Protein chains: 2
Amino acid sequence: MAETTSRILALLNLLQTHRQWTGAELAERLAVTGRTLRRDIDRLRELGYRVEATRGAAGGYRLEAGAELPPLLLTDDEAVTMAVGLRVAATQGIADGEQTTLSALAKFEQVLPTALRQRVNALSVAVQSLTPRGERISAELLGQLALACRDHERIRFSYVAADGVTSERAVEPHSLVAAGRTWFFVCWDLRREDWRTFRVDRISSFFGTRVHCEPRQLPVADAAEFVAVALASLHRGRLNAEVVMRMPIEQMRTHFGPWATGAEAVDAEHTRWPIGGDSVEGMFGSLAWIPPGVEYELHGDEVFLEFVRETGKRLRDASER
Amino acid sequence: MAETTSRILALLNLLQTHRQWTGAELAERLAVTGRTLRRDIDRLRELGYRVEATRGAAGGYRLEAGAELPPLLLTDDEAVTMAVGLRVAATQGIADGEQTTLSALAKFEQVLPTALRQRVNALSVAVQSLTPRGERISAELLGQLALACRDHERIRFSYVAADGVTSERAVEPHSLVAAGRTWFFVCWDLRREDWRTFRVDRISSFFGTRVHCEPRQLPVADAAEFVAVALASLHRGRLNAEVVMRMPIEQMRTHFGPWATGAEAVDAEHTRWPIGGDSVEGMFGSLAWIPPGVEYELHGDEVFLEFVRETGKRLRDASER
DNA sequence: CTGAAATAGGTCGCTTTCTGTCCTGAAAAA
DNA sequence: TTTTTCAGGACAGAAAGCGACCTATTTCAG
């Protein structure tokens, strides 16, 4: 069977690298007779994978999209690409299910050979420079935290609090919570002997002790408090502003596409567009996309308005020289 | 039946979902005796996967990152997340190897069940709204083209040429080439009986005939021409500009991080920073990130400078009301 | 219409592998 | 020291795998 199992895996691999194979080709590659190959194909079908066959000349076997996903056999290069993509997905905060992203990330994190891991790290940095600016959080760290949560492994790390004070922490991980693009790490602090919430982007010097710990029950009463603290921390630095532009909402939606989220009509001619965000710079950038000729007004925090006035002035000066 | 093969796969699956398992637990899950389980573990090891064991109390089996990546057994949710991440990676143009991205994409595209595919499509749209603005290209289309290239499958599609004329094409795919964030599709046009290059973002109504075609040899002499055409088309709309700011390059690198790519020192006090891009709006946004108090000058295409002047003026007006 | 190429699958006998049930050993933690 | 856990040899019966036949069926090309 040692032979058979690896051969089945190899067959699955072959079927994944080309759409169409004749039985003879496959049999030769696997070094078995055609009869055995047909039996192997049957085995795959019994395992639930849709291997379809076309008879006659120019026929062959094909692995079709079935009800279940077959085990993915990736080459090193492909694995690197997927890992990078996954990290981008995680750090950009895919809306669907953050828990899912994490479990996928943990799965990868567990088995990714170190040689590949280094390539992934190198690439992730390069890719992040393509994404919108903002706090950069380490996807590798996120992956390791996710793995620690999944496996209930005790960990240690350094944390820079909001007031700038650095402290060393030894904790039992509980879960990761995403709020927008910011991740929060909920865990039991062993020294303080209490539940704590940390911002992932302020965690560093991650160290995984290999010590397993019993999962603790998060007190339900306190869970609400955690969320509150986390959100407060998130909204503290958050800025609010909105644009009222002379443009019917339909037209505005067409022009801005997915970025029109939150826009609403003021009247038939005007649209209100919220552009709140974490950074004045990013919010400023949004304004550039209002098409030429469209009149608009700006309302919002004075901090932001002041920034716009000042930056607008500097830009005009710089471009007129 | 093929009990053992499926059991080995199941075992690999279990080892991927939790870090630590005791032999007894695994044996129970797989409905075999401990002895058989140990044999299964041995089989996995023979297949090249690093299953490590710790003896004694609180011991167990762990799947470690080895030299090779084991077949990834993903749940539906995880698969969706990965596919989305992969599409993001492909459309954002990962620098490493576009061919790799494509082969991974094709691998996924082939076996992704339709139910999951719909979820992936829905999510991809949502995710792309988070990415920098610009032409949005369909990652699903890219995946299907990649699959067609890999399998030498004849396809049909509609194409909108640069002059706005739409035509129907029947082609034999050859390859996909990435230039920056734009993808080009190289193929043999069956009606014109010649090689053609298409911009992927102008292709629509993709239709895969199931007809297999013999791979054609791309004439080397003409290959240069393709690249030229592709690059010309890419650079036609591309804008150039640069900022010279009063800031030492070291400090600038610290402040801008990965976005400082391409920056170079003019002298000890000044740094030149290229901000060329596809859209004046995006380039404008970059300027907001120059820290307050830093003097700078702007050089570049008149189109861009005019945009900056105009937009700067509008912004000041809007914020002063 | 015919032949070639391709999948589909039944049967038979030999060989190999697998499995459970015994063991005993060794290592690690409480 | 005791308990828990992995490690692995030996054996016998059961099961599966494999190749070597064989025939049937479908499809396309000529």
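Quick caveat, the model's predicted, so the values are computed rather than measured. Throughout, protein chains are lettered first and strands after them, A, B, ... in sequence-line order, and every chain is numbered starting at 1.
The 12-atom threshold is not exceeded at CD of A/Glu28, counting heavy atoms of other residues, nucleotides or ligands nearer than 6.0 Å. Counted within 6.0 Å of CZ on B/Arg216, heavy atoms from surrounding residues, nucleotides or ligands total more than 12; the atom is thus considered enclosed.
Comparing A/Val32 and B/Thr54 by the nucleotide of DNA chain D that holds the closest heavy atom to each, the one mapping nearer the 5' end is B/Thr54. Positionally, the nearest nucleotide of DNA chain C for A/Ala53 lies more toward the 5' end than for the other of A/Ala53 and B/Arg38. In this structure, B/Arg39 and B/Gly23 both approach DNA chain D, and ranking their closest nucleotides by distance from the 5' end singles out B/Gly23.
Judged by distance alone, with hydrogens and angles left aside, B/Arg35 brings a side-chain donor or acceptor within reach of the base of D/dG9, the pair sitting under 3.5 Å. Residue side chain A/Arg55 reaches the base of C/dT7 through a donor-acceptor N/O pair under 3.5 Å, judged by distance alone.
Protein atom CG of A/Leu44 is 15 Å distant from nucleotide atom P of C/dT7, rounded to whole Å. Distance CZ (A/Arg7) to P (D/dG17): 9 Å, rounded to an integer number of Å. Distance, B/Leu26 CG to D/dT5 C1': 13 Å, rounded to whole Å. If you take CZ of B/Arg43 and C1' of C/dT16, they are 13 Å apart, rounded to a whole angstrom. Nucleotide D/dG17 holds its P atom 15 Å from the CD1 atom of A/Ile41, rounded to whole Å. When the C1' atom of D/dT4 is taken as reference, atom OH of B/Tyr61 falls 13 Å away, rounded to whole Å. Summarising the geometry, the separation between NE2 on A/His212 and P on C/dA29 is reported as 15 Å, rounded to the nearest angstrom. In this structure, CD of B/Glu3 is placed 15 Å from C1' of D/dG17, rounded to the nearest angstrom.
Contact annotation for A/Arg62: no contact, since no heavy-atom pair falls under 4.0 Å across all strands. Contact annotation for A/Gly60: backbone-only contact, meaning every heavy-atom pair under 4.0 Å involves sugar-phosphate atoms and none involves a base.
For B/Arg45, a side-chain nitrogen or oxygen approaches OP1 or OP2 of D/dA7 to under 4.0 Å. Distances shown here put a side-chain N or O of A/Thr36 below 4.0 Å from the OP1 or OP2 atom of D/dG19.
Inter-residue side-chain proximity for B/Asp42 and B/Val51 is flagged as unmet; no heavy-atom pair is nearer than 4.5 Å.
By the 4.0 Å N-to-carboxylate-O rule, B/Arg154 lies close enough to B/Glu172 to be salt-bridged with it.
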Next on the checklist: Between A/Thr36 and A/Arg38, does the side-chain hydrogen bond (donor to acceptor under 3.5 Å, both in side chains) criterion hold? Intermediate values first, please.
Outcome noted: CA-CA 5 Å; A/Thr36 304; A/Arg38 257 168 280 144; over 6 Å; no
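Among the nucleotides C/dG9, D/dC18, C/dT7, the one closest to any side-chain atom of A/Asp42 is C/dG9.
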